[in-house]
There are 2 protein chains.
Amino acid sequence: MVRKRVTLAQVAAEAGVAVSTASLVLGGRAADVRISAAAQERVQAAAERLGYRPNAVSVGLRKGRTSTLGFISDSVASSRLAGEMIKGAIEAARDRGFMVFVGETGGNVTLERQLLEAMVDRQVDGVILAALLTHGRELPDGLDQTPAVLLNIAVDDCGDLPVVLPDELQAGRDAAAALIDAGHRDIHLVGSGPGREDVRTISVAAKLRLDGILEVLTAHGLEPASGRAINQWLPPEGYAAVESILESGTPGAIVCFNDRLAMGVYQALQDHGLRIPDDVSVVSFDDASIAGWLRPGLTTVALPHRTMGKRAADVLIDVIEHHRATPDERGPHGVQLVPMPMRVRGSIRDLSA
Amino acid sequence: MVRKRVTLAQVAAEAGVAVSTASLVLGGRAADVRISAAAQERVQAAAERLGYRPNAVSVGLRKGRTSTLGFISDSVASSRLAGEMIKGAIEAARDRGFMVFVGETGGNVTLERQLLEAMVDRQVDGVILAALLTHGRELPDGLDQTPAVLLNIAVDDCGDLPVVLPDELQAGRDAAAALIDAGHRDIHLVGSGPGREDVRTISVAAKLRLDGILEVLTAHGLEPASGRAINQWLPPEGYAAVESILESGTPGAIVCFNDRLAMGVYQALQDHGLRIPDDVSVVSFDDASIAGWLRPGLTTVALPHRTMGKRAADVLIDVIEHHRATPDERGPHGVQLVPMPMRVRGSIRDLSA
DNA sequence: AGCGGTTGCTAGTTCGTTTTAGCACCGACT
DNA sequence: AGTCGGTGCTAAAACGAACTAGCAACCGCT
């Protein structure tokens, strides 16, 4: 049932040459060692005929490189976003001939260490350590055993590991600018307090988004009309925030700190008979799938998870391949900020028109 | 920077024994070959001291088994559901000492073959072939090179491969029963026509869900009040379907064939000033994340993707491990139907109370 | 002293490949 | 006749662990 693999020895026998000769030819090193054109052809033909494919395990053992990456994430399934990140990494890896082991920790540190060990045991060439849930965390031991890249993890002391992060600061600027450019001045925040001191410790992302927003508002001589710090960024909290805002009148525009808050905001505004964007404009962050399903479509600054995953894999493979070439040269890596693109849909009214 | 691994040879040297002795001891075969307790202890201690971990690549080459699975899916990122399936598989695999290569094809058959080859090259012990998007498809060649399980793929000719599928038929029964038990009689379908001949070729799932629904309705002497076959199960289509239903009056209850349709149904009902569940009851399928976010929460029959992934990995590993033990015994596998649990939220009004 | 039986270990082969070092042959030249 | 330089290939040693076959050493017995 399970067909036996063809080995190099069989190819060599079929071609009437030594194993080493076959290896040289198929490894493209025939020119180096002078193999006659005739012999090369026989080897190629034999390999073709038998359907030879090199055994990657053996190659891995011999070369010490397995063309394999590990992807360790705290969450795989929690959202489409995690999937996007993995997908990006897998695609980039595939394009460069790498396969990816995927592991999920659920935030469990012990599990994380075990996964890392299991991957290192399998001689992965490098590891991507990714996070969606937690920000600001400890790094596991064992990261010194293999090249590594941090994906969506902001740590104070990342050693000299490359880090891939979304450019939340610029995203904050863009969100604010989108409203201001459309002529809005009455801007309320849902998800963070109105001042820098109010961000709580929710996340690095929240802080940066707020910084970007405030920077642009300040540049226009504005400040947030109101702000609400919220611990759980879920629809019910968004709903409640709007009810609170409405006590002091109808807002001109609302910046939601993520799309799920925005969903609650939509529900609340609708329940109060307010229309988006005619009465209230809304802008948000993340570009979760609901953003496109809400009516009207939610304009939101997208977390480019796919691109981030791709970037992480590319950087990691660069390190792996480059490192071999020039062992002591530190690459041009460090923190890689991936731009967050604005997805313009229909939730912002253009007052300037 | 990258720490060198400790090899068995180093452990043996440290313990003052031969490599083979160390291997025997650490492999738990010391009793078979009579190694003195003293020697065993020295080996164990040395291994501990040096932090020895066997090189899985080497073991893989020698044993021909790598404790590695491949997971090939048409989609990884399209939804949380795909992630759940992968997560389930990864977890089950991990519990049994396996790591998982994940690959995504995007429905591309060539890519699928290449991924399969790349995995077989890496000597995976087996492969899970999964699908979310497509139903009823061709199986790739190369599946005869390695044990395999089909996950969420319904094919006519699956050879003797184990198949893991959700129990859509029972789900259809459950959805219908939930409405009927709550006293509903005026039941409209959104996503499928009212009769068996109307299902179109959308999907096997649609057909089975409908079969289940009709079976229960018929058993109560009922038939659907109306039905709408729809090709794209997305919110706008759900919205449109409701507008069409409302032309002939307010429906008592609506069965949506998935949650995204249900989302559109919610929006349309709200826009027409109808309240859920007071005016109209809604039940749906899938349990996508929005199901919990909608207000009121959507009662829906969940696709148990996590469980399915777990089951697939378990079945596959059974095949792998069992196969070694008794080569000619065909396992008790075949089609594995995983129950779809009902997630009761607030979208069905109980008329019988 | 020689033999059989046990105990306790190890040498050596194997898995499939890469890679280095070098062999055998041939013609040309001194 | 001997050396030299090419040419075309191959033997053999890795890589790290698993596993088989078998070798010493000792003990007790005749």
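Side-chain atoms are counted along with the backbone in the values below, which use heavy atoms only and exclude waters and symmetry mates. Here is how names work: the chains are called A, B, and so on, in the same order as the sequence lines, proteins then strands, and each is numbered from 1.
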Would you list the atom pairs, donor with acceptor, under 3.5 Å between side chains in residues 89-97 of chain A and any protein atom, with sequence neighbours excluded?
residue: A:E91; atom: OE1; partner: A:R306; partner atom: NE; Å: 3.4
residue: A:R96; atom: NH1; partner: A:D314; partner atom: O; Å: 3.4
residue: A:R96; atom: NH1; partner: A:D314; partner atom: OD1; Å: 3.2
residue: A:R96; atom: NH1; partner: A:D318; partner atom: OD1; Å: 3.2
residue: A:R96; atom: NH2; partner: A:D318; partner atom: OD1; Å: 3.0
residue: A:R96; atom: NH2; partner: A:E321; partner atom: OE1; Å: 3.3

When you compare the side chain of B:L26 with that of B:L8, does any pair of heavy atoms fall below 4.5 Å? yes
Take atom CG of B:D32 and atom P of D:dA18, then tell me their distance rounded to the nearest Å. 14 Å
Nearest heavy-atom contact between A:Q44 and A:V25 is NE2-CG1, 3.9 Å
Given C:dT10, C:dT19, C:dG8, the nucleotide with the shortest approach to the side chain of A:R29: C:dT19
Can you tell me how far P of C:dT19 sits from CZ of A:R65, to the nearest Å? 11 Å
Interatomic spacing from CZ in B:R49 to CZ in B:R42 - rounded to 0.5 Å: 11.0 Å
Side-chain contact check for B:T21: nearest option of D:dC9, C:dT10, D:dG16 is C:dT10
Tell me whether the side-chain N or O atoms of B:R62 pair up with the base of D:dA18 as donor and acceptor below 3.5 Å, since no angle test is needed here. yes
Heavy-atom check, side chain of A:V127 versus side chain of A:F101, under 4.5 Å: no
Report yes if a side-chain nitrogen or oxygen of B:S20 is closer than 4.0 Å to either non-bridging phosphate oxygen (OP1 or OP2) of C:dA11; otherwise report no. no
Taking the nucleotide of DNA chain C with the nearest heavy atom to each, does B:S36 or B:Q123 sit closer to the 5' end? B:S36
Which whole-number value in Å describes the distance from B:R34 CZ to D:dA25 C1'? 13 Å
Short side-chain N/O contact from B:Y52 to OP1 or OP2 of D:dA17, under 4.0 Å: yes
Rounded to whole Å, the CG-P distance (A:L24 to C:dG22) equals 17 Å
If you look at every strand shown and take non-hydrogen atoms under 4.0 Å, does A:V33 touch a base, only sugar-phosphate, or nothing? base
Roughly how many Å is it from CG in B:L61 to C1' in C:dT17, rounded to a whole number? 8 Å
Starting at CG of A:L8 and ending at P of C:dT19, how long is that distance when rounded to a whole Å? 12 Å
Between D:dC15 atom C1' and B:N55 atom CG, what is the distance in whole Å? 9 Å
Counting the atoms with a prime plus P, OP1 and OP2 as sugar-phosphate, which does A:S23 contact under 4.0 Å by heavy atoms, base, sugar-phosphate, or nothing? base
Value in whole Å for how far the P atom of D:dA17 lies from CZ of A:R122: 14 Å
May I ask you to say what A:T7 touches in the nucleic acid, namely base, sugar-phosphate or nothing, with a heavy-atom cut-off under 4.0 Å? sugar-phosphate
Can you figure out which of D:dA18, C:dT17, C:dT19 approaches the side chain of B:V59 most closely? D:dA18
